[in-house]
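What follows is one structure encoded as structure tokens, with my remarks underneath.
Within every chain, numbering begins at 1; the chains are lettered A, B, ... in the order of the sequence lines, protein sequences first and strands thereafter. Bear in mind the structure is a predicted one, so any value in this text is a computation, not a measurement.
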Protein chains: 2
Amino acid sequence: MQTGLRRLHYFQQLASDLNFRQAAVKLGITQPALSRAINLLEDDVGTRLLERDNREVRLTLAGESFLRGCERVMSALDGAVSQACKVADGQAGQLTVGYTDTAISGLLPDFIRCLRIALPEVTLHLKQAYSQQQKEWLDDGKLDIAFMTGPSESDNHASLDFQHDRFIVILPVEHPAAKIRSLNLEHLAEYPFVMGDPIHWQVYNAHFLRLCQAVGFTPDIVQSAPDSRGIVGMVACGMGISVQTESLGKQGDPRITFRRLNGVTDRVVTQAVWNTRFSQPVRDKTIQHLKAWMVDSDAV
Amino acid sequence: MQTGLRRLHYFQQLASDLNFRQAAVKLGITQPALSRAINLLEDDVGTRLLERDNREVRLTLAGESFLRGCERVMSALDGAVSQACKVADGQAGQLTVGYTDTAISGLLPDFIRCLRIALPEVTLHLKQAYSQQQKEWLDDGKLDIAFMTGPSESDNHASLDFQHDRFIVILPVEHPAAKIRSLNLEHLAEYPFVMGDPIHWQVYNAHFLRLCQAVGFTPDIVQSAPDSRGIVGMVACGMGISVQTESLGKQGDPRITFRRLNGVTDRVVTQAVWNTRFSQPVRDKTIQHLKAWMVDSDAV
DNA sequence: GTATATTGATGCCTTCTAGTTATCACCGAT
DNA sequence: ATCGGTGATAACTAGAAGGCATCAATATAC
């Protein structure tokens with residue numbers, strides 16, 4: 001089949017008009033050209049598609065079948081082209097998004113919900129992972145956007161501050177510090193702490209330790225857990241208290257309570273991070289939407 | 001999109017090799033020709049499909065999408081061509097078959113069963129109708145093959161004798177004639193008859209009347225029914241007896257019985273009839289199979 | 001660091017496909 | 001018999017597609 005798509009189009013028009021001259025006019029060519037094109041098409045297909053004599057033209061049964069086939073070919077082609085353009089423009093395709101505990105407990109679900117409406121033809125893949133892991137995945141191309149605890153340092157990465165979390169204290173409801181009206185970090189110096197495990201929570205824990213040292217104590221960390229759910233669980237067990245981001249304070253366990261930390265102005269910044277070395281139109285479109293969304297939600 | 005299928009094929013090969021020279025060799029063209037073809041394709045599609053620099057070629061995301069689209073286009077085209085050839089050869093398509101009571105009660109189901117295995121891609125439409133009706137439908141093109149009581153007289157029709165039925169008598173089990181050992185038509189002269197209605201059973205009834213007159217009586221027809229089931233039912237009711245084709249003797253009603261008619265050598269011929277003015281490859285293939293099938297089943 | 005090999009892109013020329021014009025053969029209607 | 005319509009055919013022409021030679025950029029070898 002060396003025949004071009006042009007001939008298929010000619011055949012479609014001819015099948016609809018059943019008149020060579022008329023079809024040729026609509027196609028913007030002359031009748032002999034159409035005659036020859038159809039002959040060549042029939043040679044290629046290997047069977048007669050039209051029965052023609054000097055007074056009428058009609059489709060053979062094979063021609064009817066081939067006509068339906070042509071429509072499928074044409075629509076497949078249209079689909080391929082328009083889909084490719086959409087993919088190039090970021091309106092269709094795949095997007096793999098990484099996120100942390102803090103992001104998924106905070107603003108991320110609102111944004112994702114908004115994104116799914118804005119880009120309905122994009123298939124989203126969400127992967128929970130520690131910030132460090134997400135960084136590696138960004139480099140490997142396994143992740144298009146990471147929502148991770150910043151700052152990101154790599155030259156290949158661009159980022160956008162997405163969420164700013166205050167520090168809060170998580171306490172068992174019966175804990176003595178829960179009764180203090182205006183709670184400072186200093187009030188907590190004497191109590192045992194539960195924190196995230198040192199390997200994956202490296203950056204966060206270092207930040208917390210700096211805060212403690214700034215007010216003159218080193219916390220007594222008696223337990224560590226791999227994720228926020230584990231930390232909250234341990235606090236609920238009464239094994240200690242913890243300092244976490246305010247987004248995690250939404251977890252509704254009746255055995256625990258949350259308190260603002262006065263005197264601590266630091267924020268934990270969750271950033272949207274992406275790898276500028278990979279070209280990914282859907283990701284770029286997503287970043288655009290993210291910027292617009294942040295302006296919108298700030299305005300609210 | 002004025003681009004030919006050739007370019008899609010070039011793109012597929014290039015996408016698989018990711019190397020212009022190598023792909024060009026496999027395609028039997030030179031590298032510059034391929035370079036230009038791909039550029040023109042990208043212009044047509046409206047977006048870049050391949051990221052290329054001096055050391056490597058790789059598909060863009062849009063290119064990956066378009067590649068999948070190309071495969072769909074190509075397989076749609078292959079399908080269209082091969083399906084058209086099958087239709088032209090009679091291996092695929094539609095076949096509308098008309099049949100009479102006698103045909104469907106006789107050999108037709110065996111043949112149809114065989115046909116469905118031989119031509120699995122043909123969709124069969126079966127329509128029961130009187131012979132006269134089938135003739136008209138053949139002329140209108142509403143029927144591809146009729147299995148009807150012959151002979152057919154039209155010049156446009158070709159036919160093949162399909163089934164030869166002896167005449168049999170249908171009697172209520174308690175009927176006095178049921179006790180006669182060797183039954184002749186003459187034995188039935190005194191009894192009331194149930195026959196097919198005069199409009200649709202015209203040819204058959206005329207045949208029957210000739211048989212009766214040959215042995216010197218005119219039957220007393222007291223009831224008529226539109227179809228064989230009705231006739232058999234009326235006989236079961238005891239309203240009369242009937243003379244029918246032996247194929248109808250397969251109906252297993254316990255209240256009736258069947259007897260050979262001695263001395264009657266005539267046969268009712270059921271023919272396969274088709275309209276030679278329409279070209280219908282599936283029908284032609286079916287006739288071929290029918291001829292072969294008749295030789296086979298005669299041999300058994 | 002230079003030389004060499006390999007990559008895809010470009011310019012010019014050739015080839016062949018596809019289109020145009022002119023004409024034919026055939027049929028139905030007037 | 002003529003006229004108006006059909007599709008097919010032949011000869012010619014224009015434009016797309018391919019080939020050849022070459023370029024620019026990069027990677028590899030020594």
Side-chain angles (χ1 to χ4, degrees), chain A residues 1-60 62-64 66-67 70 74 77 277 279, chain B residues 1-60 62-64 66-67 70 74 77 277 279:
Chain A
M1 187 74 169
Q2 60 158 12
T3 206
L5 290 162
R6 185 181 298 161
R7 287 185 189 159
L8 298 191
H9 182 226
Y10 289 179
F11 173 68
Q12 286 186 304
Q13 187 63 55
L14 178 56
S16 115
D17 289 344
L18 293 176
N19 179 313
F20 278 75
R21 294 188 128 81
Q22 191 178 329
V25 169
K26 291 189 188 172
L27 290 165
I29 59 173
T30 55
Q31 172 266 316
L34 181 58
S35 261
R36 299 192 60 216
I38 296 297
N39 275 323
L40 291 169
L41 177 63
E42 286 179 326
D43 288 350
D44 266 354
V45 174
T47 189
R48 186 139 276 239
L49 301 173
L50 294 144
E51 209 65 60
R52 41 203 190 273
D53 55 31
N54 295 89
R55 67 188 171 287
E56 82 169 327
V57 176
R58 59 190 180 285
L59 284 170
T60 61
E64 285 177 21
F66 192 69
L67 180 61
C70 278
M74 291 305 188
L77 184 67
R277 281 175 47 186
S279 136
Chain B
M1 187 73 170
Q2 59 157 11
T3 205
L5 289 163
R6 187 180 297 162
R7 286 184 189 157
L8 298 190
H9 183 225
Y10 289 178
F11 173 69
Q12 285 186 304
Q13 186 64 55
L14 179 55
S16 116
D17 289 344
L18 294 176
N19 179 312
F20 279 75
R21 293 190 129 81
Q22 192 177 329
V25 169
K26 291 186 188 175
L27 290 166
I29 58 171
T30 56
Q31 172 267 315
L34 181 57
S35 262
R36 309 193 73 204
I38 296 296
N39 275 323
L40 291 170
L41 177 64
E42 287 179 326
D43 289 349
D44 267 354
V45 174
T47 188
R48 186 138 276 238
L49 301 174
L50 293 144
E51 209 64 62
R52 42 203 188 274
D53 55 30
N54 295 90
R55 66 186 172 290
E56 80 169 327
V57 176
R58 59 189 180 286
L59 284 170
T60 61
E64 285 177 19
F66 191 69
L67 179 61
C70 279
M74 291 304 187
L77 185 66
R277 281 174 51 187
S279 137

Which of the following nucleotides, C/dG19, D/dG18, D/dA8, is nearest to the side chain of A/Phe20?
D/dA8

Below 4.5 Å, heavy atoms only, C-beta onward: do A/Thr60 and A/Thr47 meet side chain to side chain?
no

Comparing nearest nucleotides in DNA chain D, the 5'-proximal residue of the pair A/Leu14, B/Arg36 is A/Leu14

Between D/dA17 atom C1' and B/Asn39 atom CG, what is the distance in whole Å?
14 Å

Distance test, side-chain N/O of B/Arg6 to OP1/OP2 of D/dG18, below 4.0 Å
yes

From the candidates C/dA9, C/dT20, D/dA8, the one with an atom nearest any side-chain atom of A/Ser35 is D/dA8

Donor-acceptor pair between B/Ser16 and B/Gln12 side chains, under 3.5 angstrom:
no

Which heavy atom in A/Leu14 sits nearest to a heavy atom in A/Ala23, and how many Å separate them?
CA-CB, 3.8 Å

Heavy-atom side-chain proximity of A/Arg7 to A/Asp44 below 4.5 angstrom
yes

Hey, are the side chains of B/Leu49 and B/Leu67 touching, using non-hydrogen atoms and a 4.5 Å cut-off?
no

Whole-Å distance between D/dG7 C1' and A/Glu42 CD?
12 Å

Distance check needed: D/dT6 C1' versus A/Ile38 CD1, whole Å only.
16 Å

B/Arg7 vs D/dA17: side-chain N/O to OP1/OP2 distance below 4.0 Å:
yes

Quick one: A/Gln22 CD to D/dG5 P, roughly how many Å, whole number?
13 Å

Length of the CG-P vector between A/Leu41 and C/dT17, whole Å:
16 Å

Ignoring the backbone of B/Val57, work out which of C/dG8, C/dA18, C/dC12 is nearest its side chain.
C/dG8

Its contact letters, B for base, S for sugar-phosphate only and - for none at protein heavy atoms under 4.0 Å, make nucleotides 23-30 of chain C read --BB----

Can you tell me the distance, in whole Å, between the CG atom of B/Asp43 and the P atom of D/dA16?
13 Å

Rounded to whole angstrom units, what separation is found between the CG atom of A/Leu27 and the P atom of D/dG7?
13 Å

Of B/Ile29 and A/Ala33, the one whose nearest nucleotide on DNA chain D sits closer to the 5' end is A/Ala33

To the nearest Å, give me how far apart CG (B/Leu8) and C1' (D/dA17) are.
15 Å

Compare all side-chain heavy atoms of B/Leu59 with those of B/Phe66 and state whether any distance is below 4.5 angstrom.
no

The side chain of B/Leu40 lies closest to which of these nucleotides: D/dA17, D/dG18, D/dG7?
D/dA17

Closest non-hydrogen contact found for A/Asn39 with A/Arg48 is OD1-NH2, 4.3 Å

Does A/Asn19 put a side-chain nitrogen or oxygen below 4.0 Å from OP1 or OP2 of D/dG5?
no

